[in-house]
Amino acid sequence: MLNTFWMILKRDLKLALRRRSEVFTVLFFFIIVVSLFPLGVGFNEKMLQEIAPGVAWIAALLASMLALERLFANDYVDGTLEQMLLTPQPLSILVFAKMTAHWLLTGLPLVLVAPVVGVLYHLEAETVITMMLMLLLGTPVLSMIGAIGAALTLGLRGGGVLISLLILPLYIPVLVYGSGAIAESRLQSGNIEPHILLLSAFLLLSLIFSPWATASALKISLE
Amino acid sequence: MTFSWFKYAAPINFYPLAGKVIPLFWFLAITLTSFGLYWGFFQTPDVLSDQKQYYRIIFVHVAASWMGMWLYAMMVFWGLVGLVFNTRLSFMMAKATSTTGALMAFIALISGAVWGKVSWGTWWDWDPRLTMSLILMFLYIGYIALHSAIDNSRRADKAAAVLSLVGLAIVPVIYYSVNCPNPNECSSLHQESSFKGVESNILLGMLITALGFWMYSFATILMRVRNIILEREINTKWVSEL
Amino acid sequence: MSLIVSDLQCTRGNRQLFSELNFQLSPKQLLFLEGKNGSGKTTLIRTLCGLFIADKGNILWQNQPIEEHLEVYRKALFYLGHLNAIKGDLSALENLRFNHLMSGQKNNDDDLLDALERIGLFGYEDFPTRELSQGQKRRVALARLIVNKSPLWILDEPFVALDVAAVELLQQIISQHIEVGGMAILTTHQAVPLTEGEVQHINLDDFATKSGRVTDA
């Protein structure tokens, strides 16, 4: 079972390496959205520091949304997904491998470019570290909840917009605590421990339930 | 005579049964709602704590938001029954429930905004309750959008059912995050009950109106199910003989 | 070891495709599924794979319902549909290796290379498959048949997009599979000459529900 996991993970990463532009599309989308906000709301340093947590997270939500469409779409179109459904291994393992690859390619890069947000929004180093930590905990949850939506909307016309309609409301808890923690860390007496615990709990719960829910959704979509 | 539930799980048997009980539900809906509203408007005090006459919007608002939440649970329930037992009628019930549920959530949202305008002077406030009704509305919209985007009714039913289940699983978490955006400030999640100190005849008015709304939901859901049955069974002999 | 289908009925959308379908497939048997477009060949094949859920009826593999013993059944099953399940960015060998391993088979690169050679892709093993022609892509997918050890093959239109030489080769591969005790279900109009084993034909038009109406279920 672990073999299958590694095999799919490796293949997805290899495919992404041979088509690097797709990884960078999501990354630059994130950076562009983040840098458009100051142009829209003004350059007041104080205000930028205030809105930075929310802006960073909303840009992250949108970027992960953008990437979700491709999570299963390519495998669906060329018939690989159908073959995956017919393997003796549990589908949830295969799905989990694909989610992991997806997060490594679209979630992790966002964590790594978070310092750019820090520079653009005049954030202190500590705040940037909190932001990276929260993105590290939160983006996997986004990939996993999003995978359910991607599986449900597989092959539908206008699938991309539809996913956002289904999934964005479900991202609310991650948004609330993810940006809450960053805002909290800017306070003198800030305590982000509860935020970390809550996000870790979400992560754990989505690790348990999402592969299974996504697998059921895929079976329905491919029936 | 033994009454078999499974007999009525078949659209062909359910269709006439639903047709017979719909007038009854309409009757109950109109009677209960008018009585509840009469009670709420004329048998309750004119002032509730700092709120004047306009507090009476709660008789509509509370009933609608209760029904909005309750119908979401019903929708998930029917979807789950459908997924487990693969019964077509339960999916039709879920689909029919979604429309009425969304309507209730919408009424709750609008009446909440109007109430906010007269009591707080603003149409919208990020009050946890209002925020939750907005999110509930989003969940209904997601369900309806997914269902209508899929042409194959079998896939649409099942996919929407899975979505509503996932939604139900996440709703408590959303509820918590909306009520307690800063976990440092609410160590225990204990919201003051909204009924504390509410006079019993105000509560009575709300309950009766809610019951009336519930009966209205039954009536419209059954009517909609009958339409869905006709639509989906158009090729069958019994429908063409109607 | 056999596949038994009894009283199978499938509906797609609001249209009932076929009902009361019965057949049995034993080792050294080849089953041709026939029927006009829309008669439900692909739906039947997907049902036999466990991808589509029938309205009623049973599919037994080794006398066990397939949905209750999916893992056993899927180890025994090889399915190839219209789609090749290959990635343009991977080479022929990488594609073959991945698909082969994923279907739970043992890996041996020499066997895989031999298979590619036999299917006529010698010299193309390391090319990204997006540079190959349609027919060559199909061959990459079909190479899996040469290395596959599953007893039950279900092939949906396997001869499409192949040239004469490849058709002949595929006929050989299938008949070899049957002769060593395998079973195969095919939707195609191409005959497969067998020296051993027997051939069954099922025409889905014979099982179509009259006027395509759903009965009152």
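Below, all heavy atoms of this structure are taken into account, side chains as well, without hydrogens, waters or symmetry copies. Here the structure is a predicted model, which is why all the values come from computation and not from measurement. Sequence lines set the chain letters: A, B, ... in the order given, protein chains first and strands last, and positions in each chain run from 1.
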Find out whether L156(A) and L146(B) are in side-chain contact, i.e. whether some heavy atom of one side chain is under 4.5 Å from a heavy atom of the other.
yes

Does the side chain of R154(B) come within less than 4.5 Å of I220(A)'s, by heavy atoms?
no

Out of curiosity, [X] [atom1] to [Y] [atom2], how far, rounded to the nearest 0.5 Å?
| X | Y | atom1 | atom2 | answer |
| --- | --- | --- | --- | --- |
| I170(B) | F209(A) | CD1 | CZ | 11.0 Å |
| I172(A) | L134(B) | CD1 | CG | 8.0 Å |
| Y171(A) | I174(B) | OH | CD1 | 12.5 Å |
| R155(B) | L152(A) | CZ | CG | 8.0 Å |
| L168(A) | I135(B) | CG | CD1 | 12.0 Å |
| L139(B) | L170(A) | CG | CG | 6.5 Å |

Examine whether an atom of [X] lies under 4.5 Å from a heavy atom of chain B, and if so say whether it belongs to the side chain, the backbone or both; otherwise answer neither.
| X | result |
| --- | --- |
| S210(A) | neither |
| L154(A) | both |
| I167(A) | neither |
| E193(A) | neither |
| I145(A) | side chain |

Counting heavy-atom pairs under 4.5 Å with chain A, which one of A149(B), G142(B), S177(B), P181(B) comes out on top?
S177(B)

Using atom types as modelled and distance alone, determine if a side-chain donor or acceptor of N184(B) lies under 3.5 Å from a backbone N or O of N191(A).
yes

